[in-house]
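Here is the structure we will look at, set down as structure tokens.
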Amino acid sequence: MGIPVTLIPGDGIGPSITSATVRILEAAGADLAWDSQLAGMAAVARYNDPLPDATLDSIKRTRLALKGPLETPVGQGFRSINVALRKTFDLFANVRPAYSIVHGGRFDDIDLVLIRENTEGLYVGVEHYVKVGDDPKAVAESTAIITRAGCERIVRYAFEYAMTHNRKKVTLVHKANILKNTSGLFLDVGRQIAREYDHIACDDVIVDAMAMNLVLRPEKYDVIVTTNLFGDILSDEISGLVGGLGLAPGANIGLNGAIFEAVHGTAPDIAGKGVANPSSVILAGCMLLEHVGQGERARRVRSALEETIRAGKRVTRDLGGTASTDEFTDAIIERL
Ligand code: NAD
């Protein structure tokens, strides 16, 4: 019996890229036992609920999930799936590694990990309009909530991640020159915690400078930790530096669970055509394997994926080839 993992195939291209991932992980000998559950539109069709209790109960039991992209239904009465998952399991750390797989492009030596605080900041949803005269929306106000405890746990998570992944440096990204309290608290706490980890280097950079540095010299960075909004923006920028969303995995980690996923969406324009690139979910599967102590299997899957992409012959069309999802998957399995 393997380690129980909830598998959420998802919507659009989700079922095809998650089943490709399961095939590859099984071919690599992953010791996992899948519990397949519905969420998104597939769950609406069956239960009229995008996040049914059966799915939540499964994750409560396994505390681990591999998730395909989900379509959040538009309209009244449906809760946001990602927000509900984040809240239920207190998934406070969003981890997005990015490294150069295809060489010969603009950046050959990127290998960095962005760690974003997932629960605080401007995303707490404390906002409202203020009516002035006849205009009900004359002013909009939003409150960012940053707590010492929230800063401590995300910065500590980043340093612990650096230690366990043999990383050398953590960069704190902030805007404390302007947002003196909210971003200032994050920076203060970050600097304090950094002192406890004297063998890991630490620096800090203002977010706007960071956006520029990432484009000019991304190889300078190793682990980056930041608050929710800055992390949201920088993580997509970083995906763009290493070949786009088709190669970008992500993990949402908390004390009560960990959910691994592709960063991209359901790709409705290519759904059902059998041409989607499964790499993001495969890389998310590798993160899951590492998380459960099966790092050697993750390493094998990752190198088979990288070799297949670098060989450039049997790759999907977003990577410049003509292979279907299944042909690309077969090519990876042959290299395992
Ligand atoms: P998208 O990421 O689905 O697609 C953007 C573009 O990238 C499309 O042209 C698509 O074909 C391409 N693309 C994405 N993934 C690909 C892959 N694996 N292989 C090849 N090409 C790929 O973004 P969107 O169109 O803005 O969103 C579509 C739906 O996905 C929406 O309903 C949105 O809410 C949902 N979504 C879900 C998640 C999630 O569950 N984590 C994340 C983002 C968007």
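Only heavy atoms go into these numbers, but all of them, side chains included; no hydrogens, no water, no symmetry mates. Both ligands and their constituent atoms are indexed starting at 1 by order of listing.
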Pairing of [X] and [Y] as salt bridge, 4.0 angstrom limit:
{"X": "K180", "Y": "D188", "result": "no"}
{"X": "E196", "Y": "R156", "result": "yes"}
{"X": "D35", "Y": "R61", "result": "yes"}
{"X": "D203", "Y": "K220", "result": "no"}

Would you say [atom] makes contact with the protein, given that contact here means a non-hydrogen protein atom less than 4.0 Å away?
{"atom": "atom 9 (O) of ligand 1", "value": "yes"}
{"atom": "atom 44 (C) of ligand 1", "value": "yes"}
{"atom": "atom 27 (O) of ligand 1", "value": "no"}
{"atom": "atom 15 (N) of ligand 1", "value": "yes"}

Show which atoms of ligand 1 fall inside a sub-4.0 Å distance from at least one heavy-atom site of [X].
{"X": "E261", "value": "41 (N)"}
{"X": "P268", "value": "28 (C)"}
{"X": "P69", "value": "40 (O)"}

Is [X] close enough to touch ligand 1? Criterion: a residue heavy atom under 4.0 Å from a ligand atom.
{"X": "V263", "answer": "yes"}
{"X": "K67", "answer": "yes"}
{"X": "I13", "answer": "yes"}

*Ignoring hydrogens and angles, tell me if any N or O in the side chain of R96 forms a donor-acceptor pair with the backbone of G250 under 3.5 Å.*
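Judged by distance alone, no pair lies under 3.5 Å.
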*Any sub-3.5 Å donor-acceptor pair from T325's side-chain atoms to G274's backbone N or O?*
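Checked: pair present.
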Any luck finding a side-chain donor-acceptor pair between [X] and [Y] under 3.5 Å?
{"X": "D232", "Y": "Y123", "value": "yes"}
{"X": "N94", "Y": "N252", "value": "yes"}
{"X": "N213", "Y": "Y221", "value": "yes"}

*For atom 22 (C) of ligand 1, state which one of D318, N82, I270 supplies the nearest heavy atom.*
I270
*Out of S16, A248, S280, G265, whose heavy atom sits nearest atom 2 (O) of ligand 1?*
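It is G265 whose heavy atom sits nearest to atom 2 (O) of ligand 1.
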*Compute the shortest N/O to N/O distance between A267 and ligand 1 and return yes if it is under 3.5 Å, no if not.*
yes
*For N277 and ligand 1, does the shortest N/O to N/O distance drop below 3.5 Å?*
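Yes, N277 has an N/O under 3.5 Å of an N/O on ligand 1.
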At what distance is the nearest protein heavy atom to [atom], and which residue and atom is it?
{"atom": "atom 32 (O) of ligand 1", "answer": "E71 CG, 3.4 Å"}
{"atom": "atom 33 (C) of ligand 1", "answer": "L70 O, 4.6 Å"}
{"atom": "atom 29 (C) of ligand 1", "answer": "T266 OG1, 3.1 Å"}
{"atom": "atom 11 (O) of ligand 1", "answer": "D269 OD1, 2.8 Å"}

_Are F260 and H291, when compared by the centres of their aromatic rings, separated by less than 6.0 Å?_
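F260 vs H291: aromatic centres under 6.0 Å.
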_Using the rule given for side-chain hydrogen bond (donor to acceptor under 3.5 Å, both in side chains), can you reason through N256 versus R63, listing the C-alpha separation, both sets of side-chain angles and the distance that settles it, and then say yes or no?_
CA-CA 6 Å; N256 306 319; R63 297 158 66 106; 4.9 Å; no
